[in-house]
Amino acid sequence: MPVLLDLTPLRVNAAYRRLYAGFTLSNVGSQLAVVAIGLQVYDLTRSTAAVGVVGFCALVPLVVMGLYGGTLVDHFDRRRVGLVAQSIAFTTSVLCAAQAWLGNTQVWVLYALVALWNGAFAVSSPARTSIYPRILDGHLLPAANALSVFAMNASMTVGPLLAGVLVDSGGFKAAYTTDAVITTAALWGLARLDPLPPEPSADGEQPSRPGVRSVLDGFAFLATRPNVRMTFVSDICAMFLAQPRVLFPAAGAVIFGGGAKTVGALSAAAAVGGIGAMFFSGRLGRVRRQGLAILVAIVGWGCAIAGFGVALLASGGALSRSTALWAGLVSMAVAGASDSVSAVFRTTILQAATPDRLRGRLQGVFIVVVAGGPRLGELAGGLLSRVVGEGRTALLGGMACVLAIVALARLQPGFVRYDARDPAP
C-alpha cells in the first residue's frame with residue numbers, strides 16, 4: 001500500500017501537469033502578496049482590527065463572484081473562463097506593485113485591490129477545480145487533490161517566508177513586483193489547455209444560463225444533499241470560529257517579536273505541517289469513511305489553534321518569547337496538517353458526489369466557504385482581539401470549533417457514515 005504522495009496524475013496527464021505547475025508558481029506569488037498586504041496595512045495603521053478589515057473587503061467579492069462565477073463555469077468553456085479571471089488577477093498584482101512604487105499611504109487603496117483580486121480568484125478557482133474531473137479519471141481525483149493541497153501548502157511556506165525576506169530587504173515594492181512576475185505562470189498553464197465546453201447532461205438538459213436562477217439551482221441541489229452540504233458547514237466552523245491569521249502581525253510586532261520574519265514563519269509553519277501530512281498521504285486514497293475523517297481533522301485544527309492561543313498568552317510570562325514562539329510554530333504546523341487532510345476529503349466528496357453540469361456552481365459555493373469563511377473569521381477575530389486580546393481570541397476560537405464539530409457529528413450521523421465506495425451526495 002503506497003504511503004508517500006501519489007504522483008500518478010502528474011505522470012500520466014500532460015495537461016494536468018502544466019496546469020498544476022502554473023498554479024503552484026502563481027500561488028507562491030499570491031501567498032506572498034497576502035502577507036505583504038497584511039504587513040502594509042499594519043504598518044500604515046498599527047491596528048489588528050484594520051488588518052481584519054482586509055478580510056471584510058475580500059468577503060463581498062468572494063461571495064458575489066464565487067456564486068456567479070460558478071454559473072459562468074457551467075455555461076461557458078472552462079478554459080476561457082479561467083483565462084479571463086486569471087488575467088484580471090494578474091492585472092491586480094501589477095497594480096499592487098504600482099501603488100508600492102508610487103509610495104501609496106492610503107489604506108483604502110489596498111482594500112480596493114484586495115476586493116478586485118478576490119473577485120477574480122473567486123471565478124478562477126472553481127474553473128480550475130472543475131477542470132480536473134474533465135481531464136482526469138475518477139480514481140485519480142483523491143491523488144490529484146492531495147497534490148493540489150501539497151502545492152498550496154508549499155506555496156504557503158515559500159510565499160510568506162519570501163514575503164518576510166523581501167519586505168525586510170527591499171520593502172513592499174520588491175514583494176509586490178515579485179508576485180506580479182510569477183503570477184504569469186497560471187496564465188501559461190491555462191493557455192495550453194484544449195477547449196473545455198460544457199458537457200451535455202445525461203437527460204439531454206441544456207447547460208444552465210448564468211444568472212440568479214442558475215445560482216438558485218445550485219443551492220436547491222445543495223439543500224437536498226446533506227453529505228455535500230456538510231463539507232461546507234464543517235469548514236465554516238473551522239474557518240470562522242478559529243482563524244488565526246489576523247493575529248500574526250501583532251504576534252510578530254508585539255507578542256513574540258521578530259517583526260515581518262515572525263509573521264512569515266507563523267504562516268509558513270501551517271504550510272509546513274500541511275506539506276508533511278501530504279507527503280505521507282498515499283493511504284488517503286484508501287480511506288472509505290471520508291466524512292468521519294473530515295470531522296476528526298477539523299477537531300485537530302481546533303485543538304491546535306487553542307494551543308496557539310496558549311503560546312500567545314504565555315509569551316514573556318510563563319514562557320520566554322523564544323520558547324513561546326516555538327510552541328506557536330508547532331501549534332500552527334499541527335493546524336496545517338489537520339486542515340490539509342480535511343481539504344483533500346472535502347474536495348473529493350464534492351467532486352465525486354456532484355454531477356458535471358453542477359460542478360461549477362458547487363465549486364463556486366465551495367470557494368465562497370473556503371476563501372470567504374477565513375475572511376469573515378479574520379474580521380471577527382480582529383474585532384474580538386480588541387476586547388479580549390490576541391491570545392484569548394485564539395484560545396476561545398479553537399475551543400468553540402471543537403464543540404461545534406462534536407455537535408455537528410451528533411446532528412448529522414449520515415455524514416459520519418459516508419462511504420467513498422458509494423458517494424451519495
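Start at 1 with the first residue, then count along the sequence.
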Note, [X] side chain near [Y] side chain (heavy atom, < 4.5 Å):
X	Y	result
F415	I294	yes
L313	R392	yes
I37	Y176	yes
D43	F172	yes
R78	L193	no
Y16	I131	no
V60	N118	no
M332	I305	yes

- Here the ring pair (Phe, Tyr, Trp, His ring centres under 6.0 Å) pairs for residues 305-337, sequence neighbours left out, are F248-F308
- Only pairs at least two apart or in different chains count here, so list each ring pair (Phe, Tyr, Trp, His ring centres under 6.0 Å) that has a residue in residues 379-406.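 Output for this query is empty, none listed.
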Closest approach of [X] to [Y] (non-hydrogen atoms, all atoms of both residues):
X	Y	value
G300	S338	C-OG, 3.6 Å
L147	Y20	O-OH, 2.9 Å
V246	G381	CG1-C, 4.1 Å
A33	D179	CB-OD2, 3.6 Å
L72	V81	O-CG2, 3.8 Å
C401	A242	CB-CB, 4.1 Å

- Message: Let's go through L247 and I255 carefully: what are the C-alpha distance in whole Å and the side-chain angles of both, what is the deciding distance for side-chain contact (heavy atoms from CB on, under 4.5 Å) to 0.1 Å, and is it a yes or a no?
- Response: CA-CA 10 Å; L247 309 176; I255 302 173; over 6 Å; no
- When you look at I405 and S234, which way does the side-chain contact (heavy atoms from CB on, under 4.5 Å) test go after all the steps? CA-CA 7 Å; I405 292 300; S234 60; 4.2 Å; yes
- Hey, mind stepping through F345 and T231 against side-chain contact (heavy atoms from CB on, under 4.5 Å) and telling me if it holds? CA-CA 9 Å; F345 290 125; T231 64; over 6 Å; no
- Spatial distance of atom CZ (F256) from atom OG (S320) [nearest 0.5 Å]: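 It is 10.5 Å, given to the nearest 0.5 Å.
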- Message: Is it the case that atom CZ in R80 sees more than 12 heavy atoms from other parts of the structure closer than 6.0 Å?
- Response: no
With a 3.5 Å cut-off and sequence neighbours excluded, list the donor-acceptor pairs that the side chains of residues 160-167 form with protein atoms.
none

- Output, in order, the C-alpha distance, side-chain angles, deciding distance and verdict of side-chain contact (heavy atoms from CB on, under 4.5 Å) for N13 and L136. CA-CA 8 Å; N13 192 298; L136 292 170; 4.0 Å; yes
